[in-house]
Amino acid sequence: MKPRVLVARAVPPAVTERLRRHFEVEDNPGNAVWSPAELAARLQGCQGLFATNSERIDAPLLDACPELRVVANMVVGYNHVDVAACTARGVLVTNTPDVLTETTADFGFALMLAAARRMAEGERLLRRGEWKQWSFDMLTGSDVHGATLGILGMGRIGQAIARRGALGFGMKVIYHNRSRLAVEVEAGLGARYVGKDELLAQSDHLVLVLPYTAQSHHAIGGAELARMKPSATLTNIARGGIVDDAALALALREQRIAAAGLDVFEGEPALHPALLELPNVVLTPHIASATVATRRAMAELAADNLIAALTGGVPPTPVNPEVRVRPA
Ligand code: 8YV
């Protein structure tokens, strides 16, 4: 008998078809996010779950689904998964790194440019019919080329942003990370390691690309925003919760920093209402990895992981590789 897997959100039909060659598949054609209770009910008898970060994978869910062996996530950041609880129960967790790195870095750079050059403000002004004449200081922003790019979190995506800044825009790149990169990697990127306070104080454009953990919760709050330049921009393509959105909205309103570009929010898809009132913030709905090719590559990699893990193969991108999946 084929193992059973649940695909929690709509994915390209070709990916579902591929999964059907190996598994009995239940998918989610309606694409609505299932409640924890509904997810647990649908997972009964399933050995595999194809998940996104809409699904919370925690101890109560795992305990309610004792047959579950593999959670294959179509996502690089897996803060929605209690990995320790999975490991303790012999559940393999996989994610989809690398395939989204360049696409996500492109988007981070675009959001930073849009915030610095006030593109969304200009677009809204046009749509309101308020462009009557040219004027010397209309929507003057700050330069990106030649400015100091600060990166908090220097993993794959942070490094891809550093390359764009240094090579494409002649920026001076500084970064802060839990661990410092090897000297030769720093030299290749043209990036200099600094303490967090120096990063905050020196950056003209600060981009957040760190994982969300208990330690990074509100890594940027009122105190950190107060250390930034009034002319600086802040871009968050990492996770909601890394920034204290209420503190950020206040700093933007009081122009203690110039502008922000945000793709992720605390409690998304809800937004802090104060952000919606502000002109100097560019808001996007968690789409940094959203190109046709990259979403497809992420779905294929998640499927590769699920198939390998449940058919005795070697999953390409495990999060807890110490787990040995029992044959289904
Ligand atoms: C996903 C992401 O689109 O990979 C991540 O960490 O945040 C995005 O690329 C989203 O989380 C859906 O799973």
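Note that the structure is a prediction, hence the values are computed from the model and not measured. Note: hydrogens, waters and symmetry copies are ignored here, and every other heavy atom, side chains too, is used. Just follow the structure's listing: the first ligand is 1, and inside any ligand the first atom is 1.
Listed by first and then second residue, the side-chain hydrogen bond (donor to acceptor under 3.5 Å, both in side chains) pairs that reach into residues 240-254 are E254-R256, sequence neighbours excluded. Among residue pairs with one or both ends in residues 136-150, none qualify as side-chain hydrogen bond (donor to acceptor under 3.5 Å, both in side chains); sequence neighbours excluded.
Using a 4.5 Å heavy-atom cutoff, the side chains of D27 and R20 are in contact.
In this view, A120 and R124, V282 satisfy the side-chain contact (heavy atoms from CB on, under 4.5 Å) rule, not counting sequence neighbours.
Ligand 1 lies under 4.0 Å from heavy atoms of T52, N53, M74, V75, V76, G77, L100, R239, H286, S289, R295, M298.
Crowding of F109 atom CZ: a count of heavy atoms from other residues, nucleotides or ligands under 6.0 Å exceeding 12.
Ring geometry, Y193 versus Y175: the interplanar angle exceeds 60°, so the pair is classed perpendicular (tilted spans 30 to 60°).
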